[in-house]
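In the text below, chain A, chain B and the rest are named by the order of the sequence lines, each starting its count at 1.
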2 protein chains.
Amino acid sequence: MAPIRTPRSSWIDEGLRALAGGGPDAVRIEALARALGVTKGGFYWHFDDRGALLDEMLDTWERVSIDEVIDRVEGEGGDARARLRRLFALASSTPELLRVDLAVRDWARREPTVARRLRRGDNRRMEYMRSLFGAFCPDEDDVEARCMLAFSMFVGSHFMVADHGARSRADVVALALRRLEAE
Amino acid sequence: MAPIRTPRSSWIDEGLRALAGGGPDAVRIEALARALGVTKGGFYWHFDDRGALLDEMLDTWERVSIDEVIDRVEGEGGDARARLRRLFALASSTPELLRVDLAVRDWARREPTVARRLRRGDNRRMEYMRSLFGAFCPDEDDVEARCMLAFSMFVGSHFMVADHGARSRADVVALALRRLEAE
DNA sequence: GTCACTCTATACGCACCCGTATGGACGAGG
DNA sequence: CCTCGTCCATACGGGTGCGTATAGAGTGAC
């Protein structure tokens, strides 16, 4: 057994970095190789083709961005409002992961297979949020509206570039979130 | 003066169509030419290069997606809540225009010059929404939070793919909007 | 009919990228 | 020391796209 010099995971990580920076079109094998300091020779030893890499990139995105985040929020206890705030904090805490998430969302708009994965992930997250809002909010329509507003603000705030006078973007998001948590 | 066969505007329109469908990387001159039934020969008579086309595409996007929408909402009268609803309806009414808007938002995440244009546009729309929410909502923080929620839901809802049980996405958005319009 | 103007076709050089083929390099196990 | 497994470098063919150069077509003005 020889040692592993540039394992699959390096290619996947570098691919996710490229995806975050420039979208799926920026995931070019020769560019990744340059970034890793090798040539593409080894890439085709690990992967069948570019599509296989993209697939595995989406696998790891699903795992670390969705499953692990929810697990960590659940693991630390607190009431529903505390978990809600922690969910938002955690999801925005890793800039690199966040940018991958946003890139996947745009990608999903034109690739049905990506959209199917995103649907699975978004449904998981929404289901989890419903349980949190439902803990202190009896009306079902209201729960759905609050989930929608909270989730779409989490996503949409990164796709808009407005100023808010003296307030920072984070201030306004916190303000809005507090509004959604109200009785 | 000879007649105009494939004027600048054809290239810009076709470019916007490509942008809506596949992002800025999909705006390829030879592909646009094929779509227009000509070769790229004439393109370089109208434009210096690909960048010049992208620039003019953004010009027209700014004009028709922001200025004209606000003008039309204002032109038809009604109270603040009616205008708010019309603003949402109008902005979503033209699928093609909407998809350009979303593509520009993703594009802005990696191109500072695009981000600057988007900032200008988003500030205009936010300023207008502030005036509408401010008409029936006295607290300034509350106005800002509602604007943020409304705008980011408008944007974010198109970047998420969750199901809502028996409800349709449009139902949930309407539900959420009604919540934001409440006294 | 001629001219001027507005495109349009075609061909070229360059660069980038994909996927394949092939011959290694390099260290662990025997 | 030799072999095997794990990569890596290099070269190739094919495809696509950009921007340039150049010759020409089609139409209105005169």
>> Between the opening five pairs and the closing five pairs of the helix from C/dG1-D/dC30 to C/dG30-D/dC1, how far apart are the helix axes, to 10°?
In response: 10°
>> List the residues meeting side chain to side chain contact (heavy atoms under 4.5 Å, CB included) with A/Ser168, not counting sequence neighbours, and say none if there are none.
In response: A/Ala170, A/Asp171
> Of all residues at least two apart in sequence or in a different chain, which pass the side chain to side chain contact (heavy atoms under 4.5 Å, CB included) check with A/Arg178?
Replying inline: A/Leu175
> Between A/Trp45 (CH2) and D/dT6 (C1'), how many Å, whole number?
Replying inline: 5 Å
> Are any of A/Tyr44's side-chain N or O atoms less than 4.0 Å away from OP1 or OP2 of C/dT20?
Replying inline: no
> Counting only non-hydrogen atoms, which of residues 8-18 of chain B are less than 4.0 Å from DNA chain D?
Replying inline: none
>> Does anything in residues 59-68 of chain B form a salt bridge (Lys or Arg N to Asp or Glu O under 4.0 Å)? List the pairs, not counting sequence neighbours.
In response: B/Asp59-B/Arg117, B/Glu62-B/Arg117, B/Glu62-B/Arg120, B/Asp67-B/Arg124
Tabulate below the donor-acceptor pairs under 3.5 Å that side-chain atoms of residues 20-32 of chain A make, not counting sequence neighbours, or state none.
| from | atom 1 | to | atom 2 | distance (Å) |
| --- | --- | --- | --- | --- |
| A/Arg28 | NE | A/Asp25 | O | 3.0 |
| A/Arg28 | NH2 | A/Asp25 | O | 2.6 |
| A/Glu30 | OE2 | A/Lys40 | NZ | 2.7 |

>> Under 4.0 Å, heavy atom to any atom of DNA chain D: which of residues 23-39 of chain A qualify?
In response: A/Val38, A/Thr39
> What pairs meet the ring-ring contact (aromatic ring centres under 6.0 Å, His included) rule with one or both residues in residues 63-90 of chain A, with sequence neighbours excluded?
Replying inline: A/Phe88-A/Phe154
>> Could you work out, with salt bridge (Lys or Arg N to Asp or Glu O under 4.0 Å) as the rule, every residue matching A/Arg81, not counting sequence neighbours?
In response: A/Glu183
> Roughly how many Å is it from CZ in B/Arg50 to P in D/dT16, rounded to a whole number?
Replying inline: 17 Å
>> Let's see if you can work this out: which of C/dC7, C/dG19, D/dC18 has an atom nearest to the side-chain heavy atoms of B/Lys40?
In response: D/dC18
> Taking atom P of D/dG19 as reference, at what distance in whole Å does atom CG of B/Asp48 sit?
Replying inline: 10 Å
> Would a distance-only check, ignoring hydrogens and angles, find a side-chain to backbone donor-acceptor pair under 3.5 Å from B/Asp122 to A/Val161?
Replying inline: yes
>> Without decimals, in angstroms, what is the distance between B/Leu53 CG and D/dG17 P?
In response: 15 Å
>> Under the salt bridge (Lys or Arg N to Asp or Glu O under 4.0 Å) definition, can you give me all pairs with a residue in residues 147-167 of chain B, not counting sequence neighbours?
In response: A/Arg119-B/Asp163, A/Glu140-B/Arg167, A/Asp141-B/Arg167
> Who else is in the cluster with B/Val64 when I, L, V, M, F, W and Y are joined by side-chain contacts under 4.5 Å?
Replying inline: B/Leu97
>> Rounded to whole Å, how long is the line connecting atom CZ of B/Phe43 with atom C1' of C/dA9?
In response: 17 Å
>> Taking the cut-offs as 6.0 angstrom to the six-membered ring centre and 45 degrees off its axis, would you call A/Arg125 and A/Phe151 a cation-pi pair?
In response: no
> Among all residues two or more places apart in sequence or in another chain, which pass the salt bridge (Lys or Arg N to Asp or Glu O under 4.0 Å) test with A/Arg109?
Replying inline: A/Asp106
